[in-house]
Amino acid sequence: MDKKLFSVISALVAVFIVFLLIAWIGGMLNPSLKLDQTALLRFVFVAIGLLIVFAVYYVTRGSQIWEVGTREVVYMAIGAALYAILSYLFNGTVFAVPSVSQVALRPAIVIPMFFGYAFGPTVGLFTGAVGNMFGDALTGFGLFPQWSVGNGLVGMIAGMVFLFKDKKKSMDTVLWVSGVIAALTVIFFLLYRTTAVNMMFYDAANNIFGDAPISAFAGLSVVIGFILVLVVRFAFGKNIDVAAAVTWSMLGQPARNRVRGDIGYLDQRILGIGCHRR
């Protein structure tokens with residue numbers, strides 16, 4: 001078997017096994033971490049997400065970005081550990097991160113972005129997916145494996161910038177695609193804002209998760225994010241690495257929200273509009 005093929009398959013299988021182990025052990029240690037009746041469906045979405053990752057690899061298998069050696073394995077472990085710890089610290093359990101109208105800052109997301117861009121898509125995927133799953137286990141809020149795959153996509157997509165020889169041109173293409181996605185998201189929100197409910201909204205006053213209509217600020221936050229990325233793109237125009245990392249990572253956000261949202265349509269708990277707890 002080709003070394004790259006073996007490495008990618010091993011990484012995907014490792015992600016799936018780690019998810020199963022965390023769900024199993026976490027459920028025994030903490031009742032709040034037990035998966036509900038949608039557990040099987042959630043892992044079906046995890047499998048679908050990992051198969052999509054494999055399909056992306058297969059289409060681009062000629063690229064060197066998928067090579068995984070000892071160094072990359074070490075970075076996977078370091079990245080996942082860092083992301084898990086920072087997610088625990090900044091996910092409302094230790095430090096209260098400012099939030100505005102259902103939109104909270106999550107500084108930990110920079111970890112899979114960086115590791116994916118610096119060490120390749122496989123490292124980014126593992127860092128985001130496994131790190132987020134461990135982070136959820138540490139917070140004790142609950143385990144959402146399909147959301148963790150979505151966070152892994154952020155890291156993976158950040159590392160795919162090296163598929164293109166000209167980073168600057170690739171960034172312009174990504175900006176156009178992201179702009180279209182942002183516009184469609186806003187249109188979707190405006191059409192369904194009366195029925196869009198954020199059923200995982202955290203009610204700080206009562207220390208519980210509760211229902212709340214998705215606010216206008218939350219529904220339009222994708223536009224704010226897109227504008228911020230535009231600012232970074234042109235403010236760091238001479239520093240291609242910074243601009244490319246931020247721009248490509250932005251493209252991973254819709255993919256993450258889509259994976260995290262789809263399961264919600266089926267179990268009637270999460271509306272897939274991208275305004276979730278994290």
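Fair warning: this is a prediction, and the values are worked out from it, not measured in the lab.
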Problem set entry | Nearest non-hydrogen partners of P107 and F90, listed with the distance | CG-CG, 3.9 Å
Problem set entry | M160-L5 co-clustered via ILVMFWY side chain contacts under 4.5 Å | yes
Problem set entry | Those residues that, when tested against F115, pass ring pair (Phe, Tyr, Trp, His ring centres under 6.0 Å) (two or more places apart) | F119
Exercise. Side-chain contact, heavy-atom cut-off 4.5 Å: Y75 with F126?
Worked result: no
For this session: Find out whether L12 and Y57 are in side-chain contact, i.e. whether some heavy atom of one side chain is under 4.5 Å from a heavy atom of the other.
Result: no
For this session: Specify the closest pair of heavy atoms between F6 and S10, including all atoms of both residues, with the distance to one decimal.
Result: O-OG, 2.7 Å
Exercise. What heavy-atom pair brings Q146 and V46 nearest, and what distance separates the two atoms?
Worked result: N-CG2, 3.8 Å
Exercise. When you check the side-chain N and O atoms of D136 and Y88, is any donor under 3.5 Å from an acceptor?
Worked result: no
For this session: Would you check if there is a donor-acceptor pair between the side chains of T122 and W66 at a distance under 3.5 Å?
Result: no
Problem set entry | Audit row: F162, S63, side-chain contact (heavy atoms from CB on, under 4.5 Å) steps and yes/no | CA-CA 9 Å; F162 294 101; S63 174; over 6 Å; no
For this session: Starting from the C-alpha separation in whole Å, work towards a yes-or-no answer on side-chain contact (heavy atoms from CB on, under 4.5 Å) for M156 and V53.
Result: CA-CA 9 Å; M156 185 194 80; V53 172; 3.6 Å; yes
Exercise. Taking the side chain from K4 and the backbone from V68, do they hold a donor-acceptor pair closer than 3.5 Å?
Worked result: no
Exercise. Does any non-hydrogen side-chain atom of V161 lie less than 4.5 Å from one of S170?
Worked result: yes
Exercise. Which residues satisfy the ring pair (Phe, Tyr, Trp, His ring centres under 6.0 Å) test with F134, sequence neighbours excluded?
Worked result: none
Exercise. Are the side chain of S32 and the backbone N or O of G140 linked by a donor-acceptor pair below 3.5 Å?
Worked result: yes
Seminar exercise, completed: Note: S87 and G135 closest approach over all heavy atoms is CB-CA, 4.2 Å
Exercise. What's the shortest heavy-atom distance between A23 and L35, and which atoms?
Worked result: CB-CD1, 3.9 Å
Problem set entry | Any F43 side-chain heavy atom under 4.5 Å of I48 side chain | no
Problem set entry | R61 side chain vs Y58 backbone, donor-acceptor pair below 3.5 Å | yes
Problem set entry | pair F234-L230: side-chain heavy atoms closer than 4.5 Å | yes
For this session: Kindly give the heavy-atom pair with the smallest separation between N132 and S148, and that separation in Å.
Result: ND2-OG, 2.9 Å
Exercise. Is the gap between the ring centers of F19 and F16 under 6.0 Å?
Worked result: no
For this session: Say whether V74 and I111 are linked into one hydrophobic cluster, either directly or through other cluster members, by side-chain heavy-atom distances under 4.5 angstrom.
Result: yes
For this session: Please answer: with hydrophobic residues joined when any side-chain heavy atoms are less than 4.5 Å apart, are L125 and I17 in the same cluster?
Result: yes
Problem set entry | Stepwise side-chain contact (heavy atoms from CB on, under 4.5 Å) test for W176 and T173 | CA-CA 5 Å; W176 278 106; T173 301; 5.8 Å; no
For this session: Only one of L138, V149, L143 passes side-chain contact (heavy atoms from CB on, under 4.5 Å) with M133; say which it is.
Result: L143
